[in-house]
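Structure, as structure tokens:
The residues of the chain are indexed from 1 along the displayed sequence. Atoms within a ligand are numbered from 1 in the order they appear, just like the ligands themselves.
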Amino acid sequence: MAFRCADDCLRCDFIGAGAGGGTAAGVLAEAGKRVLLLERGQSLSFEEVGRDHLRNQRLSQYGNNVGPDGEGNARLYQDFVGQYLVPPHDGRYQNNAATVGGGTRVFGAQAWRFMPQDFRMASEYGTPEGSSLADWPITYDDLAPYYERAEWEIGVCGHADAMQHLPAYARPYPMPPLPVNLQGRTLRQGAAALGWATNPVPLLINSMDYNNRPACIYCQHCVGFACPVDAKNGTQNTMITRALRTGNCTLVTGAMVERILVSDGGRVTGIAYHDPAGERMEVSADIVIVSAGAVESARLLLNSASRHEPNGLGNGGDQVGRHLQGHYYPGAIGLFPENVQDNVGPGVTTATCQFNHGNDGIVGGGMLADEFILLPIVLWKRKLPPDVPRWGAANKAFMRENYLRVADVTGPVHEIPSPDARVSVSTQMRDQYGIPIPHLSGTTHPETVRTAAFMHQRARQWLTASGAIKVWGNTPALYLSGGQHQAGTCRMGDDPQTSAVDRWGRVHGHDNLFVMDGSVHVTNGGFNPVLTIMALAFRAAEHIVQTW
Ligand SMILES: Cc1cc2nc3c(=O)[nH]c(=O)nc-3n(C[C@H](O)[C@H](O)[C@H](O)COP(=O)(O)OP(=O)(O)OC[C@H]3O[C@@H](n4cnc5c(N)ncnc54)[C@H](O)[C@@H]3O)c2cc1C
């Protein structure tokens with residue numbers, strides 16, 4: 001069976017309805033293009049996402065709440081010791097999400113712009129030996145109008161004048177920041193004592209009625225869960241809704257794309273996917289847009305090898321799948337003499353961008369912020385002081401007496417990418433559909449560990465200055481990064497020998513194949529990445545509208 005247009009409009013097949021794919025689908029559908037949006041996951045209601053503290057995208061001890069399913073979707077993970085077949089709820093899997101909205105269905109909604117320096121890391125710092133640190137082919141100024149578009153059309157609350165680490169905004173945020181809670185007020189005092197600048201954390205959350213949906217009710221289950229009043233702005237309730245409203249977009253859920261189809265001449269002609277009933281379908285398209293997230297987008301290009309490109313589409317320079325990065329997320333936890341938690345959600349209110357750049361002897365840096373409200377199980381599992389027993393009466397007493405007295409400061413570090421941190425495809429293992437599975441190997445560059453250690457010390461310093469009587473936490477060691485902030489595997493650039501896509505996300509060697517998701521990031525900034533993914537998708541989709 002084939003998806004066909006009744007007319008001869010431009011047909012765009014999308015793989016993945018996440019942050020990048022959902023945004024671009026909205027732009028193209030509203031421009032009158034015919035869009036087929038294929039998503040392997042389901043469209044999930046608030047109740048279906050649920051509030052299971054042990055099975056969610058924040059703590060996936062026994063499973064995820066927004067996919068992918070545990071059965072039939074394994075990946076291979078390789079480290080210094082061996083090779084392991086890992087399920088989606090294993091940290092080594094590098095999972096984000098598989099549902100309509102992708103990660104944005106349950107994200108924490110931090111909505112950061114990258115800094116101008118983040119787009120020219122090699123020029124700022126040189127290229128550490130063995131790393132693939134490089135400049136982007138575009139600048140902050142190229143992206144600024146699209147950051148603004150994401151902020152207004154998807155909906156961000158924040159305080160533009162407080163973003164002193166960035167050039168002045170052309171237009172403020174559409175909504176004021178959420179109120180500061182007790183943890184934020186405590187940390188602001190500490191930062192002031194240190195002379196550090198702080199700013200409210202910009203969030204893709206309604207702080208007032210916006211886009212016909214209500215304001216946040218400050219609940220304690222934000223990150224990792226769906227919003228009970230739909231005040232959190234993902235693509236599932238903004239750009240995808242807009243796409244569907246045009247009548248130009250068909251969304252098919254439970255549709256797993258197997259490969260991109262090419263003609264005998266090597267031209268992209270459509271895609272093959274497995275429909276919800278398990279039938280293999282082939283659909284034609286004028287344009288194919290890959291937005292499956294950094295691991296799966298690379299997997300798809302590699303699995304679509306053809307006679308013309310035996311190593312995978314756009315992989316003439318052996319770049320597809322390399323430079324996998326995410327974010328090391330160092331931080332520290334502090335115990336205070338009084339309560340510092342008032343349980344006013346989402347919890348994250350206050351950041352410092354004082355250390356994103358300009359740190360003597362360090363490549364890059366990172367942002368630090370207070371943490372979302374910690375579920376008790378998360379404090380117990382990940383954040384207890386090393387000298388507190390993990391079970392028994394002493395453990396219970398610590399939890400009971402101190403749950404509200406603990407504050408957590410943490411943030412993403414600008415990773416220094418390595419070409420050896422990569423996604424390839426297994427030559428032996430296949431998933432439930434018979435598609436070769438991703439094989440993840442390598443580590444980020446060791447310089448990232450030094451930057452993370454530096455930021456860990458800043459977190460400790462902030463907590464101490466804020467009045468903590470005891471501070472703990474670890475410096476991250478070297479490992480493969482990706483996870484929820486996965487990026488970099490189809491990096492953009494002008495040279496096909498050192499990149500996979502051009503500055504518009506167009507795959508080198510193809511005029512009708514694009515990547516629009518975190519894969520195209522050359523480097524991943526010292527900030528959560530989703531607003532950059534959305535801004536790039538707005539920019540690339542608008543370019544298609546203007547040029548086709
Ligand atoms: C709990 C959580 C908290 C987060 N908090 C933040 C935050 O506060 N701020 C921030 O910036 N970022 C945050 N993120 C990360 C953010 O969600 C991601 O950076 C973003 O969603 C990535 O966008 P993407 O377009 O690259 O991919 P995704 O959003 O992952 O979308 C990819 C989609 O493609 C689908 N897909 C994959 N392969 C196929 C296939 N073969 N066929 C069909 N469909 C396919 C997937 O199911 C998925 O829905 C968070 C993520 C999670 C899970």
Side-chain angles (χ1 to χ4, degrees), residues 13-24 37-44 49 56-60 64-69 73 88 94-114 150 156 201-205 222-226 232 234-236 240 252-260 271-274 289-300 303-304 326-327 329 346 348 369 372 411-412 431 433 435 438 482-490 515-521 524-525 527-534 536-537:
D13 287 1
F14 275 80
I15 300 138
T23 301
L37 187 51
L38 297 172
E39 168 55 49
R40 69 186 288 191
Q42 302 298 327
S43 182
L44 298 172
V49 175
N56 62 75
Q57 240 67 4
R58 191 64 161 177
L59 181 65
S60 52
N64 297 310
N65 54 357
V66 291
D69 289 343
N73 293 308
Q94 313 298 337
N95 191 28
N96 186 29
T99 183
V100 175
T104 73
R105 183 71 182 103
V106 293
F107 66 173
Q110 293 195 43
W112 293 96
R113 296 182 178 200
F114 287 180
V156 175
V201 174
L203 293 164
L204 282 143
I205 294 178
C222 192
V223 65
F225 301 94
K232 192 153 67 165
T235 53
Q236 79 288 341
I240 295 174
V252 184
T253 57
M256 178 70 182
V257 177
E258 175 192 305
R259 63 184 295 127
I260 298 156
I271 53 187
Y273 74 98
H274 297 260
I289 297 170
V290 185
S291 304
V295 173
E296 295 294 328
S297 286
R299 176 193 185 193
L300 202 54
N303 274 336
S304 302
H327 279 130
Y329 228 92
V348 58
F372 295 90
D431 68 8
Y433 308 97
I435 309 170
Q484 296 175 344
H485 290 188
Q486 58 188 262
T489 55
C490 305
V515 180
M516 297 188 195
D517 62 17
S519 315
V520 304
H521 292 192
N524 211 19
F527 297 96
N528 310 55
V530 81
L531 198 77
T532 301
I533 295 169
M534 291 167 167
L536 287 166

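Shortest contact from atom 41 (N) of ligand 1 to any protein heavy atom: Val257 O, 3.1 Å. Here the protein heavy atom with the shortest distance to atom 25 (O) of ligand 1 is Gly20 N, 2.9 Å. Protein heavy atom closest to atom 15 (C) of ligand 1, with residue, atom name and distance, is Gln484 O, 3.1 Å. For atom 26 (O) of ligand 1, the nearest protein heavy atom (residue, atom name, distance) is Gly518 N, 3.0 Å. For atom 44 (N) of ligand 1, the closest non-hydrogen atom of the protein is Arg40 N, 3.1 Å. In terms of protein heavy atoms, atom 47 (O) of ligand 1 is closest to Glu39 OE2, 2.6 Å. The nearest protein atom to atom 8 (O) of ligand 1, hydrogens excluded, is given as Gln110 N, 2.9 Å; this is a heavy-atom distance. In this structure, atom 23 (O) of ligand 1 lies nearest to the protein heavy atom Ala19 CB, 3.3 Å.
For atom 13 (C) of ligand 1, the nearest non-hydrogen atom from the set Arg105, Met516, His485 comes from His485. The option with the heavy atom closest to atom 32 (C) of ligand 1, from among Gly234, Ser291, Gly16, Pro412, is Ser291. With atom 28 (P) of ligand 1 as the reference point, the heavy atom nearest to it among Asn96, Thr532, Thr99 is part of Asn96. Atom 31 (O) of ligand 1 has its nearest heavy-atom neighbour, among Ala487, Gly21, Gly18, in Gly18.
Shortest non-hydrogen contact noted between Asn73 and Pro68 is ND2-CB, 4.0 Å. Closest approach of Val520 and Leu536 over heavy atoms only: CG2-CD1, 3.9 Å. Minimum heavy-atom separation, Pro202 to Val156: CB-CG1, 4.0 Å. Of all heavy-atom pairs between Gly224 and Asn65, the closest is O-ND2, 2.9 Å. The minimum heavy-atom distance linking Ala226 with Arg105 is given by the pair CB-NH1, 3.5 Å. Ser519 and Asp517 get closest at one heavy-atom pair: OG-OD1, 2.5 Å.
Residue Asp517 has no N or O atom closer than 3.5 Å to an N or O atom of ligand 1. For a threshold of 3.5 Å applied to N or O pairs, the pair formed by Gly108 and ligand 1 contains at least one separation below that value. For ligand 1, the polar-atom distance check against Leu531 finds no nitrogen or oxygen pair separated by under 3.5 Å. Checked against a 3.5 angstrom limit, the closest N/O atoms of Pro529 and ligand 1 fall inside it. By the 3.5 Å distance cut-off applied to N or O atoms, Phe372 is not counted among the residues near ligand 1. Considering both main-chain and side-chain atoms, Val530 comes within under 3.5 Å of ligand 1 through a nitrogen or oxygen pair. Remark: ligand 1 and Leu300 share no N or O pair separated by less than 3.5 Å (distance only, no angle test). At under 3.5 Å, not a single nitrogen or oxygen of Glu296, backbone or side chain, sits near a nitrogen or oxygen of ligand 1. Any N or O atom pair closer than 3.5 Å counts here, and Ala109 shares at least one such pair with ligand 1. The shortest N/O to N/O separation between Gln57 and ligand 1 does not fall below 3.5 Å.
Note that the OG1 atom of Thr253 and the CD atom of Glu39 stand 8.0 Å from one another [nearest 0.5 Å]. A distance of 8.0 Å separates OG in Ser43 from CD in Gln236, rounded to the nearest 0.5 Å.
Those atoms of ligand 1 with a heavy atom of Leu38 less than 4.0 angstrom away are 43 (C), 44 (N). Listed by number with element, the atoms of ligand 1 under 4.0 Å from a non-hydrogen atom of Ala255 are 42 (N), 43 (C). Atoms of ligand 1 found under 4.0 Å from any heavy atom of Val223, numbered from 1 in the order shown, are 3 (C). Residue-ligand proximity, Met256 to ligand 1, at heavy-atom distances under 4.0 Å covers atoms 40 (C), 41 (N), 42 (N). Those atoms of ligand 1 with a heavy atom of Gly293 less than 4.0 angstrom away are 26 (O), 27 (O), 32 (C).
For Ala487, the side chain to side chain contact (heavy atoms under 4.5 Å, CB included) partners two or more places apart in sequence, or in a different chain, are Gln325, His521, Asn524.
Ring geometry for His274 against Tyr433 counts as tilted: the plane angle lies between 30° and 60°, on a 0 to 90° scale.
Looking at Ser291, its side chain never comes within 3.5 Å of a backbone N or O of Gly20 through a donor-acceptor pair. In this structure a side-chain-to-backbone donor-acceptor pair under 3.5 Å is missing from Gln110 to Asn528. The main-chain N or O of Gly67 is found under 3.5 Å from a side-chain atom of Gln57 such that the two form a donor-acceptor pair. Of the possible donor and acceptor atoms, none in the side chain of Gln42 sits under 3.5 Å from a partner among the backbone N and O of Leu44. With Ser297 contributing its side chain and Ala292 its backbone, the two residues share a donor-acceptor pair below 3.5 Å. Remark: side-chain polar atoms of Thr489 are paired, donor with acceptor, to backbone N or O of Ala294 under 3.5 angstrom.
Both the backbone and the side chain of Ala292 come within 4.0 Å of ligand 1, counting heavy atoms alone.
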